[in-house]
Structure formats: structure tokens, C-alpha cells
*Asks:* 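Following this message is one structure expressed as C-alpha cells.
Basis for what follows: all heavy atoms, side chains included, without hydrogens, waters or symmetry-related copies.
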Amino acid sequence: MEPNPRQLILRLLVSSEGGAVSARACVAAGEIFGIRENSVRVALVRLAAAGKVEATGRGEYRIGPNAADLAEDIREWRNVESRVRPEWSGRWIGAATSQLARSDRNLVRRRERGFELLGFRELEPNLFVRPDNLVGGPEAARERLRKLGLGEDACAVFSAGDFDEERDARARTLWNGKKLTKSYVELRKALEAWLERAPSLHPMSAARESFVLGHDAIRTLVFDPLLPAPLVDVKERRAFVETLIRYDKAGHKLWRRVLTALSSQDADRPRPTVNH
């Protein structure tokens with residue numbers, strides 16, 4: 001799905017790896033998707049007001065404090081395989097949420113987002129689990145949830161390994177491993193197909209396609225539960241990640257070339273009035 005102005009700006013800033021992106025480059029990116037310049041500039045103003053982007057004082061913007069945590073998670077997609085151990089002992093990481101105040105909707109939303117990012121699933125009411133195959137174990141999971149805004153009052157994270165046979169078997173069915181493996185294969189093939197035909201495409205079309213496909217692939221990886229074997233085909237996930245890294249490099253190179261060309265053209269155009 002093609003981005004709206006806000007989504008486009010945030011994705012550009014996240015892909016800048018913490019650097020700044022000029023308003024002119026944002027306008028040029030909008031042109032690739034047929035987004036009017038005024039819409040891009042209005043989106044920049046509103047994102048800045050919401051604290052999701054901040055101006056650097058040179059007509060450039062970077063990720064703001066209210067989007068920094070999610071941006072950090074997204075930037076880490078290249079390192080996902082380094083976050084998991086090669087072997088799984090069969091133990092679990094548990095998270096109990098009995099102390100969570102259900103009336104606090106903001107806290108509930110943070111919990112749901114945090115659990116989704118870490119691959120937790122609900123085994124029983126107020127008990128969420130995931131395989132204990134993350135580097136750092138429960139301590140690392142606890143710290144990451146804390147960074148996402150979940151303290152000990154929201155959930156207690158611990159190691160679990162003494163489930164009875166029925167619960168252990170049920171826990172292993174909380175994720176659709178076959179569907180996950182299929183998505184790795186399909187996305188890898190789609191990325192490889194783009195890499196093969198990109199040289200024959202018009203640069204604008206290639207940039208648009210690379211942005212949409214790359215966003216979908218990276219989002220899939222950011223929210224991947226990082227399951228161990230035998231719950232998922234780990235080799236297919238690694239092959240997908242390796243292909244995505246090659247694709248991302250090619251996409252960044254293409255986008256730099258296209259944005260440079262469009263920004264140069266835009267420099268000679270009269271500046272519009274931005275309506276707040």
C-alpha cells in the first residue's frame with residue numbers, strides 16, 4: 001500500500017539512520033507518489049507539533065522524541081538474527097499481566113504493542129509466553145518491554161519451563177509457523193524479482209516499487225516473533241533477511257539518485273504557501 005504524507009516522511013527519516021532529511025527531499029519523495037508539495041509541508045508541520053519529527057534549524061528534519069523508540073526498533077531489523085540463540089532448550093519466557101489496570105487504555109495499548117514486537121502470545125488469561133530463545137533471556141525481554149513503556153506494574157517477566165504436557169503442546173500452537181515460513185519464501189522471491197528487473201524500470205517507478213515492497217518486508221521482520229526451530233523454518237528466515245539486506249542497499253542507492261535529481265529540479269520552482 002502506498003504511503004500517505006505522514007507515513008512517507010516518517011519512513012524517510014527512519015531510513016536515514018538517525019540523520020536529518022531536508023524538507024526539499026521530502027517534497028521530492030512525495031512527487032514520486034503523486035503527493036502534492038503543500039500536503040507534504042503541512043504533514044511536516046503537524047508531525048513536528050506532535051513531537052514525532054523535529055527541525056534541526058537548517059530546513060531539515062529528524063525523528064522526534066515521540067517516535068524515537070519505534071524508529072530504533074525498525075532500524076534494528078538488520079540485526080534480528082543476532083538477537084536469537086541457535087538452539088532452543090524448550091523453555092519459555094512468561095509475562096503475567098494480572099496487575100495491569102485495564103482502565104488505563106494507554107498502558108493497555110503499550111502492552112499490546114510491546115508484546116507484539118517481542119512475539120508474546122496469550123496462553124491463558126493474563127499469561128503471555130514466547131520461546132526462551134532470545135539472547136539475554138527473560139532479563140533482555142524485561143528490559144526491552146521497559147523501554148517500550150511497560151514497568152513491573154504492567155507485567156512481570158520470568159522464565160518458565162515446567163509446563164505440563166498439555167500446556168506445553170498448546171503453547172507451541174500459538175503461532176502459525178507454516179504461515180510464517182511461507183511469508184519468508186514469498187517475500188524473498190518478490191525481493192529477488194525486483195532486484196532482477198529494477199535496471200529495466202524507469203527510475204521513478206523503480207523507486208516507488210522499492211519503497212512499498214521494502215516497507216512491507218521490513219515491517220514483517222520488525223514484528224516477526226523470531227521463533228526457533230522446529231516452530232518455524234529458521235533457514236528460510238535467514239535467507240529472507242540476507243536478501244532483504246541486499247535489496248535495502250540497492251533501494252537506498254536508487255533513492256539517493258532519484259531524490260538528488262528531483263531536489264535539483266525543485267530548487268528552481270517557486271515556493272508555495274503552506275496552509276496550517
Side-chain angles (χ1 to χ4, degrees), residues 1-78 109-110 113 116-117 147-149 194 202-223 244 247-276:
M1 184 173 66
E2 294 194 349
N4 61 40
R6 291 190 180 198
Q7 292 169 339
L8 177 62
I9 292 167
L10 288 173
R11 292 180 202 172
L12 281 175
L13 267 61
V14 168
S15 66
S16 72
E17 303 292 338
V21 175
S22 69
R24 182 176 295 172
C26 292
V27 169
E31 186 174 339
I32 293 174
F33 291 97
I35 300 173
R36 294 184 300 110
E37 177 176 351
N38 194 60
S39 298
V40 173
R41 294 186 179 276
V42 168
L44 277 169
V45 171
R46 291 176 176 171
L47 285 169
K52 294 186 176 181
V53 308
E54 57 184 12
T56 65
R58 305 186 303 275
E60 296 183 334
Y61 293 82
R62 63 188 175 195
I63 287 291
N66 290 344
D69 287 343
L70 182 58
E72 182 180 352
D73 283 318
I74 294 174
R75 292 185 189 118
E76 282 295 305
W77 67 264
R78 297 179 187 84
R109 283 194 297 270
R110 290 206 305 271
R113 173 171 166 259
E116 186 178 8
L117 281 168
K147 288 180 63 178
L148 291 168
W194 183 88
H202 186 281
M204 291 273 283
S205 297
R208 184 167 54 247
E209 287 186 15
S210 73
F211 194 93
V212 174
L213 179 56
H215 167 73
D216 292 344
I218 290 173
R219 190 181 190 284
T220 295
L221 202 53
V222 168
F223 288 97
L244 182 53
Y247 174 93
D248 186 63
K249 290 180 179 178
H252 273 267
K253 182 177 180 179
L254 171 64
W255 267 80
R256 283 194 297 269
R257 178 159 55 89
V258 171
L259 288 181
T260 298
L262 289 174
S263 296
S264 297
Q265 296 173 14
D266 183 66
D268 297 327
R269 299 176 186 174
R271 305 262 57 83
T273 300
V274 178
N275 299 316
H276 295 272

*Asks:* Is there a side-chain contact between H215 and L8 in this structure, where contact means two heavy atoms from C-beta onward sitting under 4.5 Å apart?
*Replies:*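 The answer is no; the side chains never approach within 4.5 Å.
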
*Asks:* Side chains of S16 and R62: does their closest heavy-atom pair fall under 4.5 Å?
*Replies:*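 Contact flag for S16/R62 side chains = no.
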
*Asks:* Quick one: ring pair (Phe, Tyr, Trp, His ring centres under 6.0 Å) partners of F211, sequence neighbours excluded?
*Replies:*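 Once residues adjacent in sequence are excluded, the partners of F211 under the ring pair (Phe, Tyr, Trp, His ring centres under 6.0 Å) criterion are F33, W255.
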
*Asks:* Provide the full list of salt bridge (Lys or Arg N to Asp or Glu O under 4.0 Å) pairs with a residue in residues 248-258, sequence neighbours left out, each pair given once.
*Replies:*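 Found R78-D248.
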
*Asks:* Please find the pair of heavy atoms, one from A25 and one from L12, that lie closest to each other, and give the distance.
*Replies:*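 In this case the closest contact between A25 and L12 is O-CD1, 4.4 Å.
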
*Asks:* Give the minimum heavy-atom separation between L44 and A23, together with the two atoms involved.
*Replies:*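 Heavy-atom minimum between the residues: CD1-CB, 4.0 Å.
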
*Asks:* Tell me, please, which residues at least two apart from S39 pass side chain to side chain donor-acceptor pair (under 3.5 Å).
*Replies:* R36

*Asks:* Applying side chain to side chain contact (heavy atoms under 4.5 Å, CB included), name anything that partners N4, two or more places apart in sequence or on another chain.
*Replies:*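 Partners of N4 by the side chain to side chain contact (heavy atoms under 4.5 Å, CB included) criterion, ordered by chain and then number, come out as R6, Q7.
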
*Asks:* Heavy atoms only: give me the nearest P5-I35 pair and the separation to one decimal.
*Replies:* CG-CG2, 3.7 Å

*Asks:* Would you indicate whether the side-chain heavy atoms of L262 and V27 approach each other to under 4.5 Å?
*Replies:* no

*Asks:* Can you name the closest pair of heavy atoms from V258 and A207 and give their distance?
*Replies:* CG2-CB, 4.3 Å

*Asks:* For E116, enumerate each residue passing the salt bridge (Lys or Arg N to Asp or Glu O under 4.0 Å) test, keeping only those at least two apart in sequence or located in another chain.
*Replies:* none

*Asks:* Where do A250 and W194 come nearest, in terms of heavy atoms and distance?
*Replies:*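 Nearest heavy atoms, A250 then W194: CB-CZ3, 4.2 Å.
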
*Asks:* Heavy atoms, side chains only, cut-off 4.5 Å: are E60 and T56 in contact?
*Replies:* yes

*Asks:* Shortest non-hydrogen contact from G30 to V40?
*Replies:* CA-CG2, 4.2 Å

*Asks:* With sequence neighbours excluded, give me every ring-ring contact (aromatic ring centres under 6.0 Å, His included) pair touching residues 53-73.
*Replies:*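 Qualifying pairs, neighbours excluded: none.
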
*Asks:* Can you confirm whether K52 sits close enough to P65 that some side-chain heavy atom of one is under 4.5 Å from a side-chain heavy atom of the other?
*Replies:* no

